[in-house]
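Below is one structure. I have some questions about it.
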Amino acid sequence: QLRLVESGGGLVQPGGSLRLTCAVSGLPMDFYAIGWFRQAPGKERERVSCISHTGGSADYADSVKGRFTISRDNAKKTVYLQMNSLKPEDTGIYYCAAGLGGGLGPCNYLDAWGQGTLVTVSS
């Protein structure tokens with residue numbers, strides 16, 4: 001019943017920035033950790049970042065540390081991924097997903113996924 005919808009993807013030059021948005025509906029989001037994942041052509045899906053139900057904890061893949069920032073606004077039922085200093089290897093379809101429970105543990109047990117939004121980093 002939880003629904004997730006991503007938006008904000010597009011074409012950007014290397015070094016540029018994008019902000020992705022994950023809109024959550026159907027159930028209260030303040031019980032869910034929410035993560036961002038991506039999948040590049042011909043590669044396996046990888047975890048980019050995850051944030052706990054209150055926003056008190058977050059983690060990042062080594063490849064994006066210092067460049068990406070995850071945040072959430074439970075009142076607006078929205079999670080964001082601010083992506084700066086984008087590289088061609090950041091290209092892929094980005095998905096948000098939710099796991100029920102406190103802390104970052106639920107990032108490993110996901111209940112629902114969005115449809116994805118395409119990010120292309122190219123000159």
Side-chain angles (χ1 to χ4, degrees):
Q1 201 169 4
L2 188 72
R3 295 182 292 275
L4 307 169
V5 179
E6 304 92 336
S7 62
L11 175 64
V12 64
Q13 298 178 36
S17 297
L18 284 173
R19 188 182 73 166
L20 305 184
T21 297
C22 177
V24 183
S25 63
L27 293 172
M29 68 175 288
D30 49 346
F31 296 120
Y32 290 84
I34 296 179
W36 286 97
F37 299 76
R38 68 187 181 190
Q39 188 164 22
K43 299 180 67 177
E44 294 185 351
R45 185 182 65 207
E46 65 175 336
R47 178 168 155 180
V48 175
S49 182
C50 198
I51 189 167
S52 65
H53 66 309
T54 63
S57 299
D59 63 20
Y60 300 88
D62 288 342
S63 58
V64 307
K65 286 181 180 176
R67 300 188 297 120
F68 291 11
T69 302
I70 191 170
S71 62
R72 67 190 293 160
D73 187 335
N74 287 356
K76 295 182 178 179
K77 299 182 178 181
T78 304
V79 177
Y80 305 97
L81 185 68
Q82 179 66 46
M83 306 187 296
N84 298 325
S85 302
L86 284 162
K87 304 175 181 179
E89 51 262 45
D90 295 318
T91 294
I93 300 174
Y94 283 69
Y95 303 87
C96 59
L100 181 64
L104 295 176
C107 300
N108 301 307
Y109 302 95
L110 301 167
D111 302 304
W113 293 78
Q115 84 290 346
T117 186
L118 178 63
V119 173
T120 303
V121 184
S122 177
S123 59

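Quick note: residue numbers are just sequence positions, from 1. Please read all numbers here as calculations on a predicted model, not as lab measurements.
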Worksheet item: Is the backbone N or O of Ser52 less than 3.5 Å from a side-chain atom of Arg72, with the two atoms forming a donor-acceptor pair by type?
Response: yes
Practice prompt. Starting at OG1 of Thr91, measure out to CG of Leu118 and round the result to the nearest 0.5 Å.
Written response: 8.0 Å
Item to complete: Could you tell me the separation between the CG atom of Asp73 and the OG1 atom of Thr21, rounded to the nearest 0.5 Å?
Response: 11.0 Å
Discussion item. Please list all pairs meeting salt bridge (Lys or Arg N to Asp or Glu O under 4.0 Å) that have one or both residues in residues 41-58, counting only residues at least two apart or in different chains.
Written reply: Arg38-Glu46, Arg47-Asp59
Worksheet entry | ILVMFWY cluster, Val79 and Phe31 together (side-chain gap under 4.5 Å) | yes
Item to complete: Indicate yes or no: at least one non-hydrogen side-chain atom of Lys77 is less than 4.5 angstrom from one of Ser25.
Response: no
Item to complete: Taking the side chain as every heavy atom from C-beta outward, state whether Tyr32 and Leu110 have any pair of such atoms under 4.5 Å apart.
Response: no
Response to the item:
For residues 85-123, the ring pair (Phe, Tyr, Trp, His ring centres under 6.0 Å) pairs (sequence neighbours left out) are Phe37-Trp113
Fill in: Intermediate values then yes/no, side-chain contact (heavy atoms from CB on, under 4.5 Å), Glu6 and Leu20
CA-CA 7 Å; Glu6 304 92 336; Leu20 305 184; over 6 Å; no
Response to the item:
Hits for salt bridge (Lys or Arg N to Asp or Glu O under 4.0 Å) against Lys65, two or more places apart or cross-chain, chain-then-number order -> Asp62
Worksheet, complete the sentence: Rounded to the nearest 0.5 Å, the OG1 atom of Thr69 sits from the CE atom of Met83 at a distance of 11.5 Å
Response to the item:
So disulfide bond (SG atoms under 2.5 Å apart) across residues 22-79, not counting sequence neighbours, yields Cys22-Cys96, Cys50-Cys107
Practice prompt. Run the numbers on Asp30 and His53 for side-chain contact (heavy atoms from CB on, under 4.5 Å), then give the verdict.
Written response: CA-CA 5 Å; Asp30 49 346; His53 66 309; 5.8 Å; no
Item to complete: Output all residues satisfying salt bridge (Lys or Arg N to Asp or Glu O under 4.0 Å) with Arg67, sequence neighbours left out; order by chain, then residue number.
Response: Asp90
Item to complete: First locate atom CG of Leu81, then atom CD1 of Ile34, and finally report the distance between them rounded to the nearest 0.5 Å.
Response: 12.5 Å
Worksheet item: Counting heavy atoms not belonging to Tyr60, are there more than 12 under 6.0 Å from its OH?
Response: yes
Worksheet entry | Interatomic distance, Met29 atom CE to Asn74 atom CG [nearest 0.5 angstrom] | 4.5 Å
Worksheet item: Closest approach of Asn84 and Ser17, non-hydrogen atoms and distance?
Response: OD1-OG, 2.9 Å
Item to complete: Provide the closest heavy-atom pair for Gly103 versus Pro106 in the form atom of the first, atom of the second, distance.
Response: O-CD, 3.5 Å
Worksheet item: Are Ile70 and Leu104 in one and the same hydrophobic cluster, where Ile, Leu, Val, Met, Phe, Trp and Tyr link if side-chain heavy atoms are under 4.5 Å apart?
Response: no
Discussion item. Just to verify, what does Ala23 make a side-chain contact (heavy atoms from CB on, under 4.5 Å) with, not counting sequence neighbours?
Written reply: none
Practice prompt. Take Leu100 and Leu2, measure what side-chain contact (heavy atoms from CB on, under 4.5 Å) needs, and give me the verdict at the end.
Written response: CA-CA 10 Å; Leu100 181 64; Leu2 188 72; over 6 Å; no
Worksheet item: Can you tell me how far the OH atom of Tyr80 sits from the OG atom of Ser49, to the nearest 0.5 Å?
Response: 15.0 Å
Worksheet entry | CD/Gln13: more than 12 non-hydrogen atoms of other groups inside 6.0 Å | no
